[in-house]
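Here the structure is laid out as structure tokens; the discussion comes afterwards.
Side chains are part of it too, since the values below use all heavy atoms of this structure and drop only hydrogens, waters and symmetry mates. Order of the sequence lines fixes the chain letters, A, B, ..., with proteins taken first and strands second; residue numbering starts at 1 for each chain.
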2 protein chains.
Amino acid sequence: MAIAMEIDREVAMEPDAPRQNLAINAYRTLKHDIIRGRYAPKEKLLMSRLKECYGVSTGPLREALSQLVADRLVVAISQRGYRVAPMSLAELNDIYDARAQLEGLILRLAIERGDDDWEASVLATAHRLAKVTDISSPDELLDGWDLRHKAFHTAIASGCNSPHLLQMRNTLFDQVERYRHLWLQETVMSPAALEQKRQEHAALVDVILARDAEKAAILMRDHLMTPVPIITRVLQNRGIS
Amino acid sequence: MAIAMEIDREVAMEPDAPRQNLAINAYRTLKHDIIRGRYAPKEKLLMSRLKECYGVSTGPLREALSQLVADRLVVAISQRGYRVAPMSLAELNDIYDARAQLEGLILRLAIERGDDDWEASVLATAHRLAKVTDISSPDELLDGWDLRHKAFHTAIASGCNSPHLLQMRNTLFDQVERYRHLWLQETVMSPAALEQKRQEHAALVDVILARDAEKAAILMRDHLMTPVPIITRVLQNRGIS
DNA sequence: CTGTGCCAAATTGTTAAAATTTATTGATAA
DNA sequence: TTATCAATAAATTTTAACAATTTGGCACAG
């Protein structure tokens, strides 16, 4: 009974409370730092440095790192330690294409299977997102707009009613987020751009509630793919091919 | 240069050479044992027992276990150690549905994107699979037929040309395989059943080479879903709901 | 039958140190 | 100067012993 509850909690949500064993804490903060670009793509992750930096010893640290390897955010080279996973235009394109495909599949299923509660949560999260009218600082963008934006898309996807498809979506999102962060940094998100996104979301909500799977899939794909050209430019400016 | 090669090797294949650090070895053998049912679904994985059983100490063992948690084959309960992930009819249905959906998506893309080499490898692996005419022992089934069967389906999927979609397919397959193993054990695979499968594969090859995505998706879904009723029965006989 | 408190067992984490492997440096030879 | 190569330094990987904390079980009293 208690076990089942714990398991459900583990499966259901990713960003859990910050109280757990040290390995999970280290995993979370390290992942956060890699996604936010604190470490450069192929940078060496020195054991001794990480130990003092995150205040954990070898055991938990290696646990955290091997989980990041499973997330493909870190690569392990036998007997030569760990490095931040490289970034490339090829991976950018593949990751965004895979995501668009998967998100399209999930959206179709959600439109086919979603119930009234699902419709309600889509509307609710869309409303909460639309209420973010202007953004003062970049921090506010990440902590405010982006959080609600994620909640909106997650609400849409959850209609597919398949824990395993949603789990795959989460895994892929972790990998996409490092690239996506480049876009969020580049786009200061002017009120004009914000309004543009707001309209895209409104259009999505319309076709979703009208249960028009074909139009929804097209709108979703366009919506997801818009950051790709900007990210491409950023990567090229940094000399990444 | 050497780094890039190593990375590619890491991403590309899962069943690597058995020479690497102890954590990866322990991970592989433990995973194998869990999938093959050596440990019961909710069984406690005692640290001390695993240490002597696999001949590794705490460090590498915890690494292996946390990777299995990421694979959802093991669940961690804070301060109470690790257990083999539970099995349920609900998960069986969700996992097979998710797999059919994903495999369908990948198949459509492969039919759309696959080139001549892809067609050749589909034909080649299908031929190799069809050559397995009869099976004497259950071991031969797993080591012979199933290996070629996996190679056939992997060849089909690889036409989608997306490393990340294929990676997701692998991850999901690891989770499905524990259920699928129940089917392989139950079905002794009579020559009649083998012939049935052979015909399904031949039909699949036909529609795939004819690039008929719709028919292929339907055939594939039926082909993937056949084990579900048998597995359901096995689970119920074991008192799993 | 129901709590309560104690004891054994298990998890989690640290530290130190051994064994290997990789990287670097500097001297030597072509 | 350049290349080779051995010695040395550094880093990874693993073990082992130990401390701290938590959980689980069990006798015992109410």
Side-chain angles (χ1 to χ4, degrees), chain A residues 1-7 9-10 16-30 34 39-40 42-70 73-86, chain B residues 1-7 9-10 16-30 34 39-40 42-70 73-86:
Chain A
M1 178 65 156
I3 292 166
M5 275 175 52
E6 268 289 355
I7 290 163
R9 204 146 58 86
E10 280 270 89
D16 224 354
R19 44 177 138 68
Q20 205 131 36
N21 60 16
L22 295 193
I24 295 181
N25 271 15
Y27 166 72
R28 269 199 254 278
T29 51
L30 239 175
I34 290 173
Y39 302 103
K42 286 181 197 168
E43 186 173 340
K44 179 118 212 286
L45 292 171
L46 214 44
M47 228 47 137
S48 47
R49 193 165 167 283
L50 295 180
K51 265 160 64 171
E52 65 167 332
C53 198
Y54 294 93
V56 292
S57 68
T58 330
L61 185 56
R62 285 186 69 89
E63 266 185 73
L65 284 167
S66 52
Q67 285 191 248
L68 286 166
V69 170
L73 287 171
V74 163
V75 290
I77 306 163
S78 181
Q79 239 72 26
R80 262 179 288 176
Y82 297 90
R83 307 186 90 93
V84 177
Chain B
M1 180 64 157
I3 291 167
M5 273 175 53
E6 267 287 355
I7 289 163
R9 206 149 54 90
E10 279 270 87
D16 224 354
R19 42 175 139 69
Q20 204 130 40
N21 59 15
L22 296 193
I24 293 181
N25 271 15
Y27 166 73
R28 269 198 255 277
T29 52
L30 240 175
I34 290 173
Y39 303 102
K42 286 179 196 170
E43 186 173 340
K44 179 110 212 284
L45 293 171
L46 214 44
M47 225 52 133
S48 47
R49 191 164 167 282
L50 296 181
K51 266 162 61 172
E52 67 168 330
C53 197
Y54 295 94
V56 292
S57 67
T58 330
L61 185 57
R62 287 186 67 88
E63 266 184 74
L65 285 168
S66 52
Q67 283 190 249
L68 287 165
V69 169
L73 287 171
V74 163
V75 291
I77 307 165
S78 181
Q79 239 73 26
R80 264 179 287 176
Y82 297 89
R83 305 185 92 93
V84 177

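- A:K44 has a side-chain polar atom (N or O) that falls below the 4.0 Å cut-off from OP1 or OP2 of D:dT12.
- In this entry the distance linking CZ of A:R83 with P of D:dT12 reads 11 Å, nearest Å.
- Closest to the side chain of B:P60, from the set C:dT11, D:dT13, D:dT14, is D:dT14.
- Side-chain proximity of B:R62 to the nucleotides C:dT14, C:dT22, C:dT12 is greatest for C:dT12.
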key: A:M47 and A:L65: CA distance, side-chain angles, deciding distance, side-chain contact (heavy atoms from CB on, under 4.5 Å) verdict   = CA-CA 10 Å; A:M47 228 47 137; A:L65 284 167; 4.0 Å; yes
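- In terms of phosphate contacts, A:K51 brings no side-chain nitrogen or oxygen within less than 4.0 Å of OP1 or OP2 of D:dT12.
- Which of C:dA10, C:dT21, C:dT12 sits closest to the side chain of A:Q79 comes down to C:dT21.
- The side chain of A:S57 lies closest to C:dT15, out of C:dT11, C:dT22, C:dT15.
- The OH-P distance, from A:Y27 to C:dG13, rounds to 16 Å in whole Å.
- For A:L46, taking side-chain heavy atoms from C-beta onward, the closest of the listed nucleotides D:dA11, D:dT15, C:dG13 is D:dA11.
- Rounded to whole angstrom, the span from the CG atom of B:L22 across to the C1' atom of C:dT21 amounts to 14 Å.
- Nearest to the side chain of B:T58, among C:dT12, C:dT22, C:dA10, sits C:dT12.
- The nearest whole Å value for the distance from the CZ atom in A:R80 to the P atom in C:dT21 is 13 Å.
- No donor-acceptor distance shorter than 3.5 angstrom exists from the side chain of B:R83 to the backbone of B:V75, with no hydrogens or angles considered.
- Between the CG atom of B:L61 and the P atom of C:dT12 there is a distance of 11 Å, given to the nearest Å.
- Side-chain N or O atoms of B:N21 include one that pairs as donor or acceptor with a backbone N or O of B:I24 at under 3.5 Å.
- Distance from the side chain of B:V56 is smallest to D:dT15 among C:dT22, D:dT15, D:dT23.
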